[in-house]
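Note sheet for the following structure.
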Amino acid sequence: MVDSRNWFAEIPDTRRRHFRASQREGVTIAVNGSNLINFASNDYLGLSTHPAVCMAAQGACTSAVGSGASRLVSGDDPMLHRLEARLAAWKGYEACLIIGSGMLANLGLLQALADRHTHIFADRLNHASLVDGARLSGAQMHRFAHLDYEQLEKQMRKYAAEKRIIVSDGVFSMDGDCADVGALLALADAHDTLLVVDDAHGIGTVGDDGRGLTAIHHIAGHDRVIEVGTFGKAFGSYGAFILGTDELIEGLRQRQRSMIYSTALPVAMIAAAETALLLIQRGEQLAQLHANLARFKAGVEGMDFMPSNTAIQPLIVGSDARALALSDALAENGFFVAAIRPPTVPEGTARLRFTLNAAHSTEQIDRLTECLKGLL
Ligand SMILES: *Cc1c(COP(=O)(O)O)cnc(C)c1O
């Protein structure tokens, strides 16, 4: 007999994901009654708890909290347009479209760009939202091994079609390594395709000015390039944005279902993101994040960390049980670090994913790396 109590009975206990209620204050997180230093957040610049960002959000919602409707109907607040213009100028694109979240951005973007005649070429480690967006579009999907651009080129030679799109994360969320977006654009040029780069983790954290991978590789604003970013990570808020040419963004305004059929972002989030952008441009937190990253990397030298120069620092430990045990042991020592297991990452690559934050103190980082030395 089928009912709602046994519908999901096949999920094995060992693979259950655990949701733990937790309260954050700065880089401290209270979990199960203990206060831990949080090394498991994507709030890389500490802006989600920054007083100026919090005040901007509060100030924006004194008279209204919800936006009341889709942007298409009556939810299109002028603040959205102002921030879109600022983001486009900062990132070096003609136009920008703000959307509910990174998940919604990618679902809607690929659905709008592609149909069953389109071929999508995707890095195997792309974020789930890009995988699902491609599925939703009905496009023919070709996945290449992580960062294997020779395989990508072979696939592009093999599958000719009028409309083709290369899709890649910028900074990869679970590995912390980076796509060579310059090489991807060269391939896109050679094979006449679009290139979608989702730099959710790179924007605000990568490069001396925080403008992310497409700025470092000087490909931002190119006619073939479409870039996705989120406010949920370095910006410390919620929401997302898509960058591209004027015509592309206008096309998305017409076609992007995840924007048209969803309530517009609350202005509090927009105000928070706008203040976060000013802080990112000022650069104080970014410089601190880079200093913290250098300190961490020096402290874990010789340990088996994955090669990553970003704020995402994963340590592969193999079995799920070992990842959980190490995460528990770190918690006993006062540190909150996420154990990431399959199916989020490939089988046999369970890992501890450390993320650094501008608000971590040197002393907190040193204590963590000392503790790790003892545990390993
Ligand atoms: C987090 C993330 C998203 C989703 O963004 P949200 O704003 O959290 O929905 C999309 N793409 C990548 C690469 C991400 O890391």
Side-chain angles (χ1 to χ4, degrees), residues 17 19 24 40-45 47-48 53 80 83 87 91 96-113 120 122-137 143 146-147 165-181 184 195-206 210 212-214 225-243 256-259 262-266 268-270 272-273 276-277 308 310-314 338 340 343-345 351 353-357:
R17 301 170 195 256
F19 292 80
R24 294 182 311 123
S41 155
N42 303 321
D43 178 25
Y44 303 112
L45 301 177
L47 298 185
S48 79
V53 177
L80 284 158
L83 183 53
L87 284 166
K91 285 285 293 158
C96 173
L97 183 65
I98 291 178
I99 295 224
S101 72
M103 184 65 164
L104 286 175
N106 287 336
L107 291 179
L109 172 65
L110 294 183
Q111 189 187 25
L113 290 176
I120 289 180
D123 190 293
R124 194 164 279 286
L125 294 191
N126 276 354
H127 191 263
S129 54
L130 294 169
V131 177
D132 291 356
R135 279 195 192 131
L136 195 55
S137 74
R143 297 178 83 178
H146 182 47
L147 302 181
I165 312 170
I166 300 171
V167 179
S168 180
D169 280 20
V171 173
F172 284 82
S173 51
M174 293 302 139
D175 293 46
D177 56 356
C178 301
D180 182 343
V181 295
L184 289 177
L195 171 63
V196 171
V197 176
D198 173 1
D199 207 10
H201 294 275
I203 300 174
T205 70
V206 167
L213 283 175
T214 59
V225 178
I226 301 168
E227 184 166 349
V228 179
T230 174
F231 296 141
K233 285 155 188 161
F235 281 75
S237 170
Y238 188 77
F241 52 93
I242 301 173
L243 299 150
Q256 178 137 353
R257 295 166 65 86
S258 64
M259 188 262 299
S262 185
T263 301
L265 266 186
M269 296 301 106
I270 305 301
L277 176 59
S308 159
T310 67
I312 300 165
Q313 291 288 321
I340 310 274
T344 304
V345 292
R351 67 197 66 182
R353 178 178 179 270
F354 298 81
T355 52
L356 293 159
N357 187 312

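Order of listing sets the numbers, starting from 1, for every ligand and every atom in it.
- Near Ser173, meaning under 4.0 Å from one of its heavy atoms, ligand 1 places the atoms 15 (O).
- Within the structure, ligand 1 has Ser101 among the residues with a heavy atom less than 4.0 angstrom away.
- Listed by number with element, the atoms of ligand 1 under 4.0 Å from a non-hydrogen atom of Asp169 are 13 (C).
- Using a 3.5 Å distance cut-off with no hydrogens or angles, the side chains of Ser262 and Arg257 do not pair a donor with an acceptor.
- Of the N and O atoms on the side chains of Asn126 and Asp198, not one donor lies less than 3.5 Å from an acceptor on the other residue.
- Numbered from 1 in the order shown, with element, the atoms of ligand 1 that lie under 4.0 Å from a heavy atom of Asn106 read 10 (C), 11 (N).
- To the nearest 0.5 angstrom, Thr344 atom OG1 is 6.5 Å from Met174 atom CE.
- If you check which protein heavy atom lies closest to atom 9 (O) of ligand 1, you get Met103 N, 2.9 Å.
- Looking only at distances, no side-chain donor or acceptor of Asp123 sits under 3.5 Å from a matching main-chain atom of Ser168.
- If you check the side chains of Ser137 and Gln111, you find no donor sitting under 3.5 Å from an acceptor.
- Under a 4.0 Å criterion applied to the non-hydrogen atoms of Thr230, ligand 1 contributes the atoms 5 (O), 6 (P), 7 (O).
- Shortest contact from atom 5 (O) of ligand 1 to any protein heavy atom: Gly102 CA, 3.2 Å.
- Counting only heavy atoms of the protein, atom 12 (C) of ligand 1 lies nearest to Asp198 OD2, 3.2 Å.
- Heavy atoms of Ser129 approach ligand 1 to within less than 4.0 angstrom.
- One N or O on the side chain of Ser258 and one on the backbone of Leu104 form a donor-acceptor pair closer than 3.5 Å.
- Which of His201, Met174, Lys233, His127 comes nearest to atom 8 (O) of ligand 1 through a heavy atom is settled by distance: it is Lys233.
- Side-chain rings of His146 and Phe172 approach one another, their centers coming within less than 6.0 Å.
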